[in-house]
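Below, read A as the first sequence line, B as the second, and so on, with proteins coming before strands; counting in each chain starts at 1.
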Amino acid sequence: MEIIALLIFCLFLAVFLGVVAHDLYKAKKTNTPFRVKNCIAGILMIAPAVILCFLFILLPMLFSLGYAFTDYNQMRPDEVHFVGFNNFKEIFKEIGSGGDMLYAIKNTAIFVVGVVPLQILLALGLALFCSRKVRGSSIFKVCFFAPVVISLTVTSYLWLTILDPSEDGLFNMLLGAFGIPQQQFLKDPKTAMLWVVLISAWQGCGYQMLIFISGLTNIREDLYEAAKLDGANAWQRFIRITVPGLKSSVLYITITVFIGACRIMVQPMLMIGPYSEGLTLSYYMFLQGTDYGLVGKSSAIALLMTIFIGLVTFVQKKVLSKK
Amino acid sequence: MISVKKVFKIIGVAACAALVISGLPGWISLSKQNEEQGGNTVVSVMFHVSSSSKEGQAYKKCVDAFNEAYKDKKIKATASYTPRTDGSSAYETALISMKLENKLPDIITFDSPKCSYYAANGYLYNINNMVADIKDEFYESSLNYYNGDIYGLPIQESSAGFYYNKTLFRNAGISDKEISEYGDETPWTYAEFSSVCERLKSVCEKAAVNMNFGGTADETTPYLLYPFIYASGGEFASEDGRTVTGYLDSEDTVSAFYFFKSLLSNGYTTDQVDANDFYNGKVGMYLSSGWTIADLRNKNYSAFPSGSNWGLLPYPCDVPGCAASATGSWSFGITQNHHSDKSAARELLKWLVNDESSATITEHTGMISAKKSVNEGRYEKGSPEEMLFTQLANTGRARPTMVGYSVFSTTFNQIVHELPRTDNLEKFISEKTAILQETINKY
């Protein structure tokens, strides 16, 4: 294991030093001391990030890729055997037999389909609301952004209290005041994931709101004025000026929200549990790797997820980049 | 202008400095270790609790006493404390890294159902011969076996029972005489249990009993409910813990889950009641472990002012001769580490489980001791502790020990979670058993 890590590190170091030498050679060729100094300063500044990136992103990714084809058990790290595609076969067999993996795919799909449009639309709505030049809009910005900085665990427990299915739960108390019978919320398999969608969209949309606000400020004001003079109404101005102006923001936000949604784990883990309505791909992967110690299978799931997310992101980029 | 040569020189010096700095702590700890070993045989132990907790303080006292007693024999114990945050995280991760680095401590603590998992993976050492002279001092159900050999000795015991609200029982017309018949020597039956629930149902605001069906997906629910499976004549796995097919999905095991379902369908319980509902007098009975005794006595709950007005009943039984109650807590085990001579570890292990150490731990935690001698005469006749202790001695049965215990625990929780939703329990349990079996085969 150590030898493989060392070999990968040497390869990575060779590539990095090659790039450094190439840059220095090019800088020296220009014969301007300023460029060489700049080049060295740049290399020194990115070096810590490059090392950290190698240690905590690239190396684990490469190891995970390798483990996907082994029977690596967390408790026996010194007895790892190559098993070819066995882990993948097992995963597909489990999907075919309607096991937990199928529930995980189904729940992740429900979450992604629900949260991506909802979160983007919420963020856009909030951005439009906050970008109006009215007094106190910065307070709203802070309020809408606040959930983003709160830990997922804290918000999960907060919502667990609010959605308590007993009559002591806040929502059930409110419903009771209007004569509506007690609801199960997160305990009802039919609605559990929908509540997770709503909670996640509420918590996450503040961040995308900021990106949309920054996109909105880049749209020239004179375009709106010209459109007004031409008699365009608010909806027409939004469709013809705002939406095209936010195209690059929408592309970035759609891709990042999609990737984040595919990795959903904390909320269903804390609010539902490892049941048919709560398992997601990341949660299932976590259970297999951490709780059961089956790192090989867990890595195979991770690899399949990466391939799927990569493909969808590629298609998204192609489709959304089109004029 | 800085030359390229100079740049490589700087990088070289920086790399050397980094190597020296990163290697320094290791060198310091190595020299420290050698220094400590000077003249002494060092034996290390790792505990699963924080040193500031009550249990941690008890362990510290025991280790200090050992060092004092073994000063002349030149054996020195060093303790480390790695609190477990949940079922598998920090503590297990620490164990895995230590095994990888071949630095496992000589003695570790572990949750008893995980004995097979650790033994099968080369973490625990077979102590069968080492403890032959003392094994009878413990309750048989508490010893940690793997393939017929002992791999761990219990630290303390825990048991559970049905806490009940005396006022609600009286209101439901359940007399003290009737309650006294539901003893642990001839356990009450499922029919009697259901009859009590039926009468309680009408006087309880929320439910007759809290069975923990809606608990969090951790070890609590399996721990509290597994005795019902034994009490119905069922089993979880084969003796070696490697086969669940034909056990977990057997008719008797499934019948226990149907009994749980009947409690739900008859309206005796729901998956929405929690501990507070019992403490506030909305639930008549509450299935919980021994730690609830201290809570009821000290926390002055609204239904139990001054810590009174409650009692404790044992687990019911369906099949005569199959009565079972929850047992098992954490255990001590010697590891298969780099020290081939285990004599010092054996001395420390025996010290940690001797009567004095067991009494110290029990006094600090309030739990039942794993040593029979420590419990003798300790509990007042008729007290809840005495009930738990007698139940443990008479009907205590360990959780199934299997290599894939974590998967079993999740599966058990999934089955309990599905009780209100599935009508065809056989099919659901059979599917879950097949998946569990496949996973266990991987270990």
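Chosen from G273(A), G293(A), P189(A), the residue pairing most often with chain B at heavy-atom distances under 4.5 Å is P189(A). Each of I272(A), D100(A), L287(A) has some count of heavy-atom pairs under 4.5 Å with chain B, and the biggest count is that of D100(A). Contact count versus chain B (heavy atoms, under 4.5 Å) is highest, among P165(A), G99(A), G278(A), G98(A), for P165(A). Ranked by non-hydrogen atom pairs under 4.5 Å with chain B, the options M269(A), E79(A), E277(A) are led by E277(A). Between chain A and the residues Q272(B), K206(B), H417(B), the most heavy-atom pairs under 4.5 angstrom are made by H417(B). Heavy-atom pairs under 4.5 Å with chain A peak, among D274(B), N413(B), I435(B), at N413(B).
Contacts of D71(A) with chain B are absent, with no heavy-atom separation under 4.5 Å from either backbone or side chain. There is no contact between L270(A) and chain B, counting heavy-atom distances below 4.5 Å. Proximity to chain B is limited to the side chain of E90(A), based on heavy atoms less than 4.5 angstrom apart. Neither the backbone nor the side chain of Y405(B) comes within contact range of chain A, judged by heavy atoms closer than 4.5 Å. For Q184(A), the part lying near chain B is the side chain, with the backbone staying farther off; criterion is any non-hydrogen pair under 4.5 Å. Both the backbone and the side chain of Q414(B) come within less than 4.5 Å of a heavy atom in chain A.
Note that K99(B) lies in the cation-pi zone of Y123(B), set by a 6.0 Å cut-off to the ring centre and a 45° limit from the axis.
Checked for salt-bridge contact, E94(A) and K297(A) meet the test: a charged N lies under 4.0 Å from a carboxylate O. Ion pair K442(B)/E438(B) not flagged as a salt bridge, since none of the NZ, NE, NH1 or NH2 atoms sits closer than 4.0 Å to an Asp/Glu carboxylate oxygen. Salt-bridge formation is detected for the pair E219(B)/R399(B): a Lys NZ or Arg NE/NH1/NH2 atom is positioned less than 4.0 Å from an Asp or Glu carboxylate oxygen. Looking at K114(B) and E92(B), a side-chain N of the basic residue comes within less than 4.0 Å of a carboxylate O on the acidic one, giving a salt bridge.
For Y117(B) and F110(B), the gap between ring centers reaches or exceeds 6.0 Å. Taking the ring centroids of Y118(B) and Y151(B), they lie at or beyond the 6.0 Å cut-off.
Between F236(B) and F412(B), the ring planes lie tilted relative to each other; the angle falls in the 30° to 60° range.
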